[in-house]
K.L.:
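Can you read through this structure? Questions will come right after.
Residue numbering restarts at 1 for every chain, and letters A, B, ... go by the order of the sequence lines. Values below: all heavy atoms of this structure, side chains included; hydrogens, waters and symmetry mates excluded. Computed from a prediction, not measured in an experiment: that's the story for all the values here.
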2 protein chains.
Amino acid sequence: MTPRRGLTSKDIVNSAAKIANQNGLSYVSISVVAQDLDIKPPSLYNHIRGLDELHELLAIHSCLLLYQKLHLATHNQSNREALTSFSYAYIDFARAYPGQYEAATHSYDEHHAQLKELQDQIINLVRTPLYELGFEEEYTVHLVRMLRSLLHGFVMLESAQGFKMDYQINDSLDVMIETFLIGIQRFEK
Amino acid sequence: MTPRRGLTSKDIVNSAAKIANQNGLSYVSISVVAQDLDIKPPSLYNHIRGLDELHELLAIHSCLLLYQKLHLATHNQSNREALTSFSYAYIDFARAYPGQYEAATHSYDEHHAQLKELQDQIINLVRTPLYELGFEEEYTVHLVRMLRSLLHGFVMLESAQGFKMDYQINDSLDVMIETFLIGIQRFEK
DNA sequence: TGCATAAACTAATGTTATTAGTTTATGCTG
DNA sequence: CAGCATAAACTAATAACATTAGTTTATGCA
């Protein structure tokens with residue numbers, strides 16, 4: 001009964017992001033976002049097509065943020081430094097914005113070309129320095145996959161509390177990245 | 001209206017596993033499992049406490065199967081062979097039983113001691129050969145985490161179709177495992 | 001000043017999990 | 001062999017969710 005003008009789709013995505021980061025992506029629902037914005041659930045449909053689109057918008061927004069952080073971290077670095085910086089920035093992002101990390105990496109059945117494009121751009125930030133280290137194109141593909149697996153797996157297991165905290169978790173991260181870099185030296189041209 | 005005697009909780013878990021492997025863990029619901037077993041949804045409550053318990057039972061069942069496969073794969077192998085065999089068997093399992101892999105690795109807020117215990121046993125299959133290769137205890141912890149991250153990340157990304165199929169995905173797996181083994185040589189005693 | 005419209009609302013439908021209470025076939029027991 | 005307790009099915013009902021349809025109202029422009 002009180003139409004207001006201020007509410008933009010940016011507000012909606014921000015609310016979704018807040019909820020996702022606080023409680024997990026699965027808590028992002030029409031009803032919870034509506035409650036957070038102080039409107040009734042059906043009112044959201046004036047702005048978005050439905051829950052699927054809400055998740056999609058959050059995914060795009062989160063990919064953009066992730067790209068921005070990773071670009072900043074790898075900008076103007078040597079190839080080897082770029083790999084390290086990328087890795088730590090990637091983990092930092094997942095820790096700082098866990099729900100948005102989930103959204104950015106979740107697989108969407110019918111994701112836009114836009115979302116695919118964004119995810120490709122993120123990967124290219126690490127493909128370029130690897131390629132320039134002198135690996136063959138095919139090996140570069142494998143090593144990109146390895147680094148992605150390593151980082152994504154680390155995030156998943158850490159967020160699932162899959163590691164006991166006996167030994168410092170950050171030391172494990174250091175060892176992982178160091179071991180990866182040592183392991184690939186062998187294949188450098 | 002037709003009480004039958006045959007339905008066991010094993011049947012229910014098998015149904016849940018079938019559905020999970022076919023369509024994904026998120027498709028395992030009271031209503032879908034009931035439909036698969038040809039009973040009405042409330043009838044399931046004669047056998048299980050609810051959806052949470054169903055997921056829990058599936059998780060335990062899946063961990064047992066995973067442990068069995070990995071134990072078989074690493075049994076009577078040299079330390080180095082055990083690491084390789086473990087890795088390939090792990091990936092094989094995730095490909096053959098994707099829904100059960102999800103169930104086995106999903107994080108449950110209040111999982112039993114039993115579930116934790118099972119997951120620990122799985123990890124010990126790779127902790128032992130690493131430790132016996134002569135690493136310090138602390139390094140062993142880091143390397144166990146690294147291998148878990150690598151394998152889990154690979155599964156996640158592959159199941160999300162995160163890899164383009166330009167280059168053979170199995171070659172990537174070979175390179176990953178090989179690179180890991182080379183990377184850790186440096187720290188062996 | 002008035003009107004078109006954006007953006008809120010209420011009401012209603014369908015799906016899901018779950019609880020309560022009812023019925024009936026099975027299998028043991030006297 | 002009859003009967004009875006019970007396991008295991010059922011129907012009915014409630015609550016949470018997404019979604020659609022149709023209604024109302026304040027805003028901002030003409």
K.L.:
What class does the angle between the rings of A/Tyr139 and A/His142 fall in, given that below 30° is parallel, 30 to 60° is tilted and above 60° is perpendicular?
P.N.:
perpendicular
K.L.:
Got a sec, which residues hit salt bridge (charged side-chain N to carboxylate O under 4.0 Å, His left out) with A/Lys18, two or more places apart in sequence or on another chain?
P.N.:
A/Asp36
K.L.:
Could you go through B/Tyr88 and B/Asp174, starting from their C-alpha distance and side-chain angles, then the distance that decides it, and tell me whether this counts as side-chain hydrogen bond (donor to acceptor under 3.5 Å, both in side chains)?
P.N.:
CA-CA 9 Å; B/Tyr88 285 108; B/Asp174 295 342; 2.4 Å; yes
K.L.:
Let me know the distance between CD1 of A/Ile39 and C1' of C/dA8, rounded to the nearest Å.
P.N.:
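Whole-Å distance recorded here is 8 Å.
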K.L.:
So which of A/Arg95, A/His152, A/His106 actually passes side chain to side chain donor-acceptor pair (under 3.5 Å) with A/Tyr101?
P.N.:
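Among the candidates, only A/His152 passes.
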K.L.:
Is the backbone of A/Phe154 close enough, under 3.5 Å, to the side chain of A/Glu158 for a donor and an acceptor to pair up by distance?
P.N.:
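Not a single qualifying donor-acceptor pair exists.
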K.L.:
Could you run down nucleotides 12-18 of chain D 5' to 3' and tag each one B, S or - for protein heavy-atom contact under 4.0 Å?
P.N.:
B----SS
K.L.:
Reckon B/His47 has a side-chain N or O less than 4.0 Å from the OP1 or OP2 of D/dA7?
P.N.:
no
K.L.:
Rounded to the nearest angstrom, tell me the gap between atom CG in B/Asn46 and atom P in C/dA20.
P.N.:
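These atoms are roughly 13 Å apart.
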K.L.:
Would you say B/Val126 and B/Tyr90 make side-chain contact, with heavy atoms under 4.5 Å?
P.N.:
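Not touching, per the 4.5 Å side-chain cut-off.
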K.L.:
Answer yes or no: does a side-chain N or O of A/Ser43 lie under 4.0 Å from OP1 or OP2 of C/dC9?
P.N.:
yes
K.L.:
Tell me: CZ of A/Arg49 to C1' of C/dA7, nearest whole Å?
P.N.:
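That distance rounds to 18 Å.
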K.L.:
Taking NZ from B/Lys40 and C1' from C/dA20, how many angstroms apart are they, rounded to a whole number?
P.N.:
18 Å
K.L.:
D/dA8 C1' sits how many Å from B/Ile48 CD1, rounded?
P.N.:
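In whole Å, D/dA8 C1' and B/Ile48 CD1 are 14 Å from each other.
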